[in-house]
Trainee: 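Can you keep this structure in mind? I'll have questions shortly.
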Amino acid sequence: MAGGYYSIEQVFHIKAGDFASAGEASSQIKKTLKQLGIDSTLVRRVTIAAYEAEMNLIIHSIGGELKLKVTPQSIIVTAEDKGPGIPDIDLAMQEGYSTAPEIARELGFGAGMGLPNIKRNADRLNIQSKVGEGTLLEIYFDIKAR
Amino acid sequence: MKLKEYYHSVTLRKDKCRGCTNCIKRCPTEAIRVRDGKARIIAERCIDCGECIRVCPYHAKVAVTDPLSSIERFRYRIALPAPTLYGQFKNVDDIKVILTGLKKLGFDYVYEVARGADYVTAFVKEALKDPNRKRPIISSACPAIVRLIQVRFPELIDNIVNVDSPMEIAAQLARNEFCERYGVKSEEVGVFFITPCAAKMTSIRNPVGRKESSVDGAISIQEIYGPLYSQISNLKEEDVAQMASPFGVGWANSGGACLSLGIDSYLAVDGIQNVIRVLEEIEDEKLTDLEYFEGLACPGGCVGGPLTVENGFVAKNRIRKLSEKARGRPVSEDELREVAQKIQWRLDEKILPKPVMKLDDDIVEAMKKMETIESIYESLPGLDCGSCGSPSCRTLAEDIVRGYASEMDCVFKLREKVKQLAQEMIELSEKIPGGRKETEGQE
């Protein structure tokens, strides 16, 4: 590859309200990272963040995509959906703030820890959202040279 | 020591193996393949859980343990019965009967591993008081689970409690007691564990977390059952004291160790696939308020071990009843302090991860392999039939990339290829050599 740059990508389609498949994408991500020989602590952080992002897509969005991209230097998990969008991102980033519907809460989700938990595990975070258009969440992790 | 590194109790009896797919499908670490019509165990992946022994319909998977006659190597012999042994016999209403029966079989001394479990309980209680330890604290009692964590959950290694197993603790206490009481040299004494499982045999030969085992050999419950049964049937009176507490005896059953700790927030899970599911959740930090986790590879706990005789559910109930009558007391704080100085109760050696699932040491190479795996996997039928000898289409794709298999091991791929070849042959057969005309004799 040019300049030693090499990457692989995996894309998972996530349906809104599909609790039966909840966690499948993030557990596949975990398996992939383990096979790639990523340090186990980093695997854990990525998996936790990916799981929260996956659950956000299931609970809050009208459906979207969870994407894993790995390069020799970094891991990027992207969650992209087509709506409904987050009206106040700062508020959404606060611990305990939740707009999860009753059905999600009954299943034990929606404690308002999703985004804060992603932030806690990520090295960097980029979130863009427009009400009525959708949300793009990019979660960055650095792979430290051993 | 290379040889020591991959010692396994679980082995294949080639003559009995028919090359079916039962074991490859059930192995929790995908450690078995069928090649040339026979199963093969990938040594670095095997955790000696014994799942394959349980599922093989032809008894081709066996656990290598020591024969009863092996105790004759030593001048003095000590038996360490696992509490699971107590549940194997009908009409035995006192543990003393079994302990005395063991003595009649040629052992000079009998020490209950259940008593060792009482000490482990006391040590773990101490560990639970330390707020700096990673939660949940994971039990070290099941050697198959410790090895599973090394292979599949290296991130959880630090959660494993640094207290050794009841067997190791019982072995040291038994040896000390015997040598002191009878003024015997330690090297004249052989200590033998009566085992329900293969993993214990492996942990005697190749321990994890300690340099050397204090146990000299392991005799399976299946091996000792017959001779012990006849001793028990003819027993006149019992002369061996029963020392373990009801809690210690209860360790044979799943949840027994947790119960004895007297804490609220614990989880006891048995059956290796169930344990894997819960360890995944612990690894993903989904079980945050958990204090203690006890995972046992066999269904029901040690009573479900592959080297037992009695149905695990029946044995479980017998152990429950026998434990109610057990006479021992829990270990006092003074007693614990004293014992802690006499024996090596900690797991002193670092438990190392064994990342055997990783594709390559170099990340770019691993990524390239991963991509090839993906594209091969896409082309496979996705039936996971196992006919190729790998447990699933995905593992076949991995095996091809690792160089252990070829695409033509897949029967469907092979059929496609044959069809394609046949087609080419038909096409070739219709070709007329250039030197001849299309229709002969029409010149």
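Chain identifiers are assigned alphabetically (A, B, ...) following the order of the sequence lines, protein sequences preceding nucleic acid strands; residue numbering begins at 1 within each chain.
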Trainee: Tell me whether the count of non-hydrogen atoms from other residues, nucleotides or ligands lying under 6.0 Å of NZ in B:Lys134 goes above 12.
Mentor: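 Correct, the count exceeds 12.
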Trainee: Ion pair present between B:Glu285 and A:Arg45, side-chain N to carboxylate O less than 4.0 angstrom?
Mentor: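 Judged by the 4.0 Å cut-off on N to carboxylate O distance, B:Glu285 and A:Arg45 do not form a salt bridge.
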Trainee: Quick check for you: among A:Thr41, A:Asn117, A:Leu33, A:Thr71, which has the greatest number of heavy-atom pairs under 4.5 Å with chain B?
Mentor: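 The residue among A:Thr41, A:Asn117, A:Leu33, A:Thr71 with the greatest pair count is A:Thr41.
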Trainee: Answer with side chain, backbone, both or neither: which region of B:Lys369 has an atom nearer than 4.5 Å to a non-hydrogen atom of chain A?
Mentor: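 Neither the backbone nor the side chain of B:Lys369 comes within 4.5 Å of chain A.
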Trainee: Report which part of B:Met370 has an atom under 4.5 Å of a heavy atom belonging to chain A: side chain, backbone, both, or neither.
Mentor: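 Contact with chain A: side chain only.
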Trainee: So B:Glu155 and A:Val43, side-chain contact (heavy atoms from CB on, under 4.5 Å) or not? Walk me through it.
Mentor: CA-CA 9 Å; B:Glu155 187 60 14; A:Val43 173; over 6 Å; no
Trainee: Report the C-alpha separation of A:Ile38 and B:Ile363 in whole Å, then their side-chain angles, then the decisive distance to 0.1 Å, and conclude whether the side-chain contact (heavy atoms from CB on, under 4.5 Å) test is met.
Mentor: CA-CA 8 Å; A:Ile38 306 289; B:Ile363 185 166; 3.6 Å; yes
Trainee: Search all heavy atoms of B:Met367 against all heavy atoms of A:Val70 and return the closest pair with its distance.
Mentor: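 Of all heavy-atom pairs spanning B:Met367 and A:Val70, the closest is CE-O, 3.2 Å.
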Trainee: When you look at NZ of A:Lys82, are more than 12 heavy atoms from neighbouring residues, nucleotides or ligands closer to it than 6.0 Å?
Mentor: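 Check fails, neighbour count at 12 or below.
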Trainee: Kindly indicate whether the side chain of B:Leu156, heavy atoms from C-beta on, has any atom under 4.5 Å from the side chain of A:Arg44.
Mentor: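 Result yes, sub-4.5 Å side-chain heavy-atom pair found.
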Trainee: Side chain, backbone, both or neither: which part of A:Thr47 has an atom under 4.5 Å from a heavy atom of chain B?
Mentor: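 It is the side chain, since no backbone atom gets that close.
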Trainee: What's the separation between atom CD in B:Glu283 and atom OG in A:Ser27, rounded to the nearest 0.5 Å?
Mentor: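 These two atoms lie 11.0 Å from each other.
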Trainee: For B:Asp130, I'd like to know if atom CG has over 12 heavy atoms of other residues, nucleotides or ligands within 6.0 Å.
Mentor: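 More than 12 heavy atoms, drawn from other residues, nucleotides or ligands, come within 6.0 Å of this atom.
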Trainee: Could you give the distance from CG (B:Asp360) to CD (A:Gln35), rounded to the nearest 0.5 Å?
Mentor: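 Between B:Asp360 CG and A:Gln35 CD, I get 12.0 Å after rounding to 0.5 Å.
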Trainee: Is there a side-chain contact between A:Lys30 and B:Glu280 (heavy atoms, below 4.5 Å)?
Mentor: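 Counting from C-beta outward, A:Lys30 and B:Glu280 do come under 4.5 Å.
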Trainee: What part of A:Thr32 is in contact with chain B, defined as an atom under 4.5 angstrom from a non-hydrogen atom: side chain, backbone, both or neither?
Mentor: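 Both parts, backbone and side chain.
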Trainee: Could you grab the distance from atom NZ of A:Lys34 to atom CG of B:Leu359, nearest 0.5 Å is fine?
Mentor: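 The distance works out to 13.5 Å.
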Trainee: Could you go step by step and tell me if A:Tyr6 and B:Glu365 meet the side chain to side chain donor-acceptor pair (under 3.5 Å) rule?
Mentor: CA-CA 10 Å; A:Tyr6 198 87; B:Glu365 282 310 307; over 6 Å; no
